[in-house]
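What follows is one structure encoded as structure tokens, with my remarks underneath.
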Amino acid sequence: NELMLRCGMMNDAFQKQVKAVFASASQSEIGAVFREGPLKRIERCRAKTETDYHSEAFPNSACLLDIIRCTVTFSSLDAMVAGIKWFEQYVQQHHGERSCCIKEIMRIKNGFATYDHSKPDYCDIKYNVRVSVDGLDVVAEIQFLLHSMASFKVKSHKFYNVIRKQEEFENLKQVSSIRNNAGKKLQTLCANGDHKGIMDFLIHAKIKTLDDLRALDGLTASVEKIYQHGHLKSLKT
């Protein structure tokens, strides 16, 4: 909830900044078209943390890098390359200015690097950037793509949703298996510092003695997570 609130507060500044970068009159030959993206819904964020990132270190919500996002489209590859270079130069020259909220390019994910021409499919280049507003930081995503890819994306969106639902279902089955594993469940509770949840777990798992506790798989990993995240109250529990 804190991450979603922060993203909601910073989204407007991010969108205006990217739009301003490509609205420059000197970019008329590039022909970039900016499009603001919607905030990722909290239901979708929860689904991704529980499926795609369920095995990541706590807090796994830190893996969500596209809660605030936008797209910039171009008519040709040459124009897209020129537009990306312009954006990189802008960040390099202005990141230290108070008026520029985009402070750093954190990651580049180039879909064209693995593109298979024998199997045409959607493709783009994603830039994850650090956005800073009033002392708060968050990572946002900019998608650079061709107009033709943008049209394809719109037409294939319904089909993509069907595929995504299938992937989520398969991932949820995997997560359910993990949740039903007593050792894994204890590790998650310890990583979150949920001492009440740990107490409930011990009661429901009928852990009455130290021998019962030692018999659990992953006990050592659970203790390590308590120390790693500083949840000493959980250790007392």
Side-chain angles (χ1 to χ4, degrees), residues 7 10-41 43-45 47-48 51-53 63-95 100-131 138-171:
C7 287
M10 302 172 71
N11 182 51
D12 188 54
F14 165 72
Q15 303 291 348
K16 287 181 178 178
Q17 184 78 76
V18 179
K19 184 177 182 179
V21 171
F22 289 99
S24 171
S26 63
Q27 292 307 293
S28 58
E29 70 276 8
I30 291 179
V33 177
F34 166 84
R35 182 167 178 258
E36 181 174 341
L39 277 171
K40 187 180 286 292
R41 294 181 297 109
E43 295 84 1
R44 178 61 181 148
C45 291
K48 288 200 74 172
T51 55
D52 296 0
Y53 308 130
C63 297
L64 294 169
L65 306 180
D66 61 346
I67 297 178
I68 56 178
R69 60 266 177 93
C70 67
T71 60
V72 183
T73 58
F74 304 88
S75 59
S76 68
L77 281 174
D78 288 340
M80 185 163 70
V81 171
I84 289 174
K85 287 182 178 179
W86 169 261
F87 174 75
E88 290 180 345
Q89 291 172 0
Y90 182 91
V91 174
Q92 184 178 9
Q93 294 172 5
H94 300 281
H95 70 276
C100 181
C101 69
I102 299 176
K103 300 301 183 182
E104 184 181 1
I105 296 172
M106 305 290 292
R107 184 183 74 166
I108 301 173
K109 191 174 181 181
N110 185 1
F112 289 95
T114 57
Y115 189 78
D116 187 351
H117 290 277
S118 65
K119 300 177 182 179
D121 200 355
Y122 172 80
C123 189
D124 62 19
I125 299 177
K126 295 181 176 71
Y127 272 51
N128 290 113
V129 298
R130 179 170 64 88
V131 180
V138 76
V139 177
E141 182 176 276
I142 305 172
Q143 297 178 8
F144 296 102
L145 63 158
L146 299 172
H147 293 323
S148 57
M149 287 294 181
S151 299
F152 174 79
K153 185 178 182 180
V154 171
K155 293 177 182 178
S156 63
H157 191 69
K158 291 183 179 180
F159 180 66
Y160 167 72
N161 282 336
V162 173
I163 295 176
R164 190 171 70 183
K165 290 294 182 183
Q166 182 180 2
E167 290 176 348
E168 287 179 1
F169 177 71
E170 294 299 325
N171 287 333

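Numbers for residues simply follow the sequence, beginning at 1.
- Nearest heavy-atom pair across Gly111 and Cys123 is C-SG, 3.2 Å.
- Between Phe34 and Ile142, every side-chain heavy-atom pair lies at or beyond the 4.5 Å cut-off.
- The two residues Met106 and Val129 have their closest heavy-atom pair at CG-C, 4.0 Å.
- Donor-acceptor pairing under 3.5 Å is recorded for the side chains of Thr73 and His147.
- With sequence neighbours excluded, the residues satisfying side chain to side chain contact (heavy atoms under 4.5 Å, CB included) with Val138 are Leu3, Arg6, Cys7, Met10, Ile68, Val131.
- Considering Lys109, Lys126, Arg107 as possible partners of Leu65, the one that fulfils the side chain to side chain contact (heavy atoms under 4.5 Å, CB included) test is Arg107.
- Looking only at side-chain heavy atoms (C-beta outward), Pro38 and Arg69 come within less than 4.5 Å of each other.
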Between Val72 and Phe87, does a side-chain contact (heavy atoms from CB on, under 4.5 Å) hold up when you go through it step by step?
CA-CA 11 Å; Val72 183; Phe87 174 75; over 6 Å; no
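- Looking at every heavy atom in both residues, Gly83 comes nearest to Phe74 through CA-CE2, 3.9 Å.
- How far OG1 of Thr114 is from CZ of Phe112: 10.5 Å, rounded to the nearest 0.5 Å.
- Distance CD/Gln17 to NE2/His94: 9.0 Å, rounded to 0.5 Å.
- For the pair Ile102/Val18, a side-chain contact is recorded, criterion being any heavy-atom separation below 4.5 Å from C-beta on.
- In this structure Glu36 satisfies the salt bridge (charged side-chain N to carboxylate O under 4.0 Å, His left out) test with no other residue, sequence neighbours excluded.
- Residues Leu64 and Lys48 are in side-chain contact: their nearest non-hydrogen atoms beyond the backbone lie under 4.5 Å apart.
- In this structure, the side chain to side chain contact (heavy atoms under 4.5 Å, CB included) partners of Glu88, at least two apart in sequence or on a different chain, are Ile84, Ile105, Ile108, Tyr127.
- Counted within 6.0 Å of CD on Glu104, heavy atoms from surrounding residues, nucleotides or ligands total more than 12; the atom is thus considered enclosed.
- Remark: Asp66 CG to Leu39 CG distance equals 11.0 Å, nearest 0.5 Å.
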